[in-house]
2 protein chains.
Amino acid sequence: MGLNIRDIAAAAGVSPATVSRALRGMDNVDVSTREHVIAVARALDYAVSPVASRLATGRSGTLGIVTPYVGGWYFAELFAGIEAALKPFDLDVLIHTTEEPTGARPSTEAHVRLRRRVDAALVIGLAPDSKEIAGLAGLGIPLVLIGSQVDGVASVSIDDRADACRAVQHLLDLGHRRVGLISGRRLPTGFVPENDRLAGYLDALSAAHLAHPTSLREVGEFTTAGGERAMSVLLARQPRPTAVFCMSDQMAYGALRAMSRAGVGTGTGDGAIAVMGFDDHELATTFDLSTVAQPVRAIGALGVDLVMEQLDGRQPRVIVLPTELRVRASTQGSVTNR
Amino acid sequence: MGLNIRDIAAAAGVSPATVSRALRGMDNVDVSTREHVIAVARALDYAVSPVASRLATGRSGTLGIVTPYVGGWYFAELFAGIEAALKPFDLDVLIHTTEEPTGARPSTEAHVRLRRRVDAALVIGLAPDSKEIAGLAGLGIPLVLIGSQVDGVASVSIDDRADACRAVQHLLDLGHRRVGLISGRRLPTGFVPENDRLAGYLDALSAAHLAHPTSLREVGEFTTAGGERAMSVLLARQPRPTAVFCMSDQMAYGALRAMSRAGVGTGTGDGAIAVMGFDDHELATTFDLSTVAQPVRAIGALGVDLVMEQLDGRQPRVIVLPTELRVRASTQGSVTNR
DNA sequence: CTGAAAGCGCTTACAG
DNA sequence: CTGAAAGCGCTTACAG
């Protein structure tokens with residue numbers, strides 16, 4: 001309950017220094033001494049005080065995670081990947097959310113909160129030029145960006161722009177000429193992948209010399225309900241889009257729902273609208289939704305790898321993961337009214 | 001970057017003790033002294049070392065969260081509620097997952113991991129008689145259980161048994177006599193709410209003097225894919241259930257998908273199967289799924305309240321939240337093949 | 001291989 | 001209201 005290293009030292013008949021060395025498995029301890037100390041420590045159910053070690057060593061044993069929000073599919077997946085990858089390392093995690101619940105007073109800045117608390121930080125989706133990134137860089141600890149890139153900083157991401165372009169290209173290949181867009185927020189935002197996906201959408205249309213009026217774009221808030229609202233608006237536009245690219249699968253589900261309610265078919269049928277998502281969320285197959293599959297858990301795990309590498313003194317690396325186009329009935333099929 | 005309290009003391013022309021008092025807003029400091037110290041600290045961009053304070057005070061400033069797993073809708077919602085409620089308190093969070101990724105060697109036990117690291121713990125879904133709970137109780141810190149109850153320990157949960165019973169009762173009220181069940185794991189499990197929901201299912205059937213053969217039950221692993229598999233099996237049974245209660249909405253989505261594939265209608269139509277979920281997940285309306293709505297974010301926030309209460313020296317409280325039956329087309333409607 | 005001692009950066013009785 | 005001093009529980013050169 002309240003044993004400290006001196007108690008163990010006394011019980012084992014050695015000095016606290018030796019206990020410290022033995023318990024951490026250092027090799028400059030006689031084997032028999034080490035085993036004896038370990039046995040005594042276990043018998044007494046001793047646990048070192050992480051706080052004391054941290055103060056003594058100057059290492060916090062903690063990884064900071066800076067994220068715009070918590071909750072939602074993407075974060076949950078990412079975090080699951082991070083947690084799993086962290087298991088072998090006995091590192092604690094400290095999560096800092098940058099986005100305020102609406103109406104809340106602004107809380108501590110990320111770098112102030114993390115200072116002296118973390119040995120490294122995983123930074124999710126923040127813009128390269130944001131002041132958060134600048135502040136964090138000033139901390140002088142290893143940083144790993146997820147979903148954005150900055151020169152000289154480690155990062156793991158997908159190529160949102162190219163991937164979105166490919167998704168829209170798929171719709172163009174099917175013959176569509178009026179391709180709508182359902183984005184998360186009103187663009188541009190502080191969330192990088194979203195801006196990049198917009199750029200990719202525009203790339204594809206421009207390359208095909210197609211118009212891309214803003215009347216084809218609606219905001220879906222990254223929620224299913226928002227996607228439903230957005231699609232309802234698009235359905236009322238004249239002329240209607242014949243295909244819609246949604247920046248997330250969850251918004252696409254809502255879009256499909258709006259179409260179903262309006263009696264509008266999905267895929268290639270007459271008067272139908274082809275719907276394309278992004279993520280390959282676990283329900284994409286259930287909705288028969290064509291989408292771009294991104295390996296979110298792997299991204300989280302790789303982020304941890306890059307952190308550990310830098311903590312080991314290696315150079316920051318940049319990883320860009322490939323995605324995969326998954327074509328399903330929402331673009332290819334001829335399901336009438338789902 | 002590396003300033004400590006003595007640097008500030010020197011710069012402000014006072015002692016470290018006074019700096020400490022001033023910065024923490026203690027009232028036994030002259031107002032002008034305090035303001036001066038605060039100004040100097042700010043000018044020098046000083047941040048106290050949490051680790052040093054923790055060692056000196058014996059308080060970790062950290063809340064432990066013990067959970068069987070991370071990821072998935074329930075945990076993400078709960079965690080979002082916890083995070084939001086924690087914002088005003090400057091408490092760090094330390095997450096410990098008890099369930100191993102399959103194949104991993106067992107990691108440290110929860111109470112060993114949390115010992116000396118947290119001031120209190122929020123424990124999610126663990127069985128009252130589990131050894132984890134026993135170990136955590138031995139830590140002598142305030143505990144708040146989420147989703148289970150133990151005498152003398154604070155907790156916040158819903159009444160899973162009664163709520164499941166009500167859900168099944170709804171199906172019985174519609175005239176169903178063969179009501180199937182899709183559970184998460186093979187029951188009984190270490191996850192309390194699940195066992196309670198089974199009990200509630202049996203309660204309703206027993207009260208109506210109906211048989212409840214195990215052939216009406218299948219395991220859906222709490223995933224959409226699992227729910228789809230489970231329903232496929234149930235569809236092949238003779239006689240088929242005419243209604244199915246799923247322990248989570250996500251499994252219900254899979255079940256609906258399996259029915260749609262098999263050409264089986266939903267709701268009250270001829271040869272149709274009524275499907276009932278549990279959660280009121282964000283897509284439940286999209287699927288027109290009848291379900292039991294539980295306020296997951298509120299549960300997380302209340303868990304934090306109960307923690308703070310105990311940290312303030314108040315007695316542990318037990319909170320049981322009401323749920324709400326949401327009837328939609330999956331039980332009442334007559335949608336043929338969705 | 002082992003130990004005595006200093007130090008990590010705070011907080012808190014205690015004395016004034 | 002303020003300060004000197006001890007202490008929180010470790011780790012780590014340094015010396016042997």
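Any value given below was found using the heavy atoms of this structure, including those in side chains, with hydrogens, waters and symmetry copies removed. Lettering of chains follows the sequences in order, A, B, ..., and the numbering in each one begins at 1.
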Lys/Arg N to Asp/Glu carboxylate O, B:Asp92 vs B:Arg117, below 4.0 Å: no
How would DNA chain D look in dot-bracket form, 5' to 3', counting Watson-Crick and G-U wobble pairs with both distances under 3.5 Å and writing | for bases paired to another strand? |||.||||||||.|||
On the nucleotide D:dT2, are OP1 or OP2 found under 4.0 Å from the side-chain N or O atoms that B:Thr33 carries? yes
Do B:Arg115 and A:Asp45 meet the salt-bridge criterion of a basic N to acidic O distance under 4.0 Å? yes
So side chain to side chain donor-acceptor pair (under 3.5 Å) across residues 140-151 of chain A, not counting sequence neighbours, yields none
If I pick the P atom on D:dC14 and the same atom on D:dC10, what distance separates them, to the nearest angstrom? 24 Å
Reading 5' to 3' through nucleotides 8-16 of chain D, protein heavy-atom contacts under 4.0 Å coded B for base, S for sugar-phosphate only, - for none: BBBSBB---
OP1 or OP2 of C:dG3 versus the side-chain N and O atoms of A:Thr18: is any pair under 4.0 Å? yes
Scan residues 34-43 of chain A against DNA chain C and write down, sorted by residue number, each residue with any heavy atom closer than 4.0 Å; if none is found, say none. none
Pairing residues for A:Asp312 by the salt bridge (charged side-chain N to carboxylate O under 4.0 Å, His left out) criterion, not counting sequence neighbours: A:Arg314
Given the P atoms of D:dG9 and D:dA13, what is the spacing between them in whole Å? 23 Å
Side chains of B:Tyr46 and B:Asp7: closer than 4.5 Å at any heavy-atom pair? no
Only distances under 3.5 Å count here; give the side-chain donor-acceptor pairs of residues 136-144 of chain A to other protein atoms, sequence neighbours excluded, each with its distance to 0.1 Å.
none

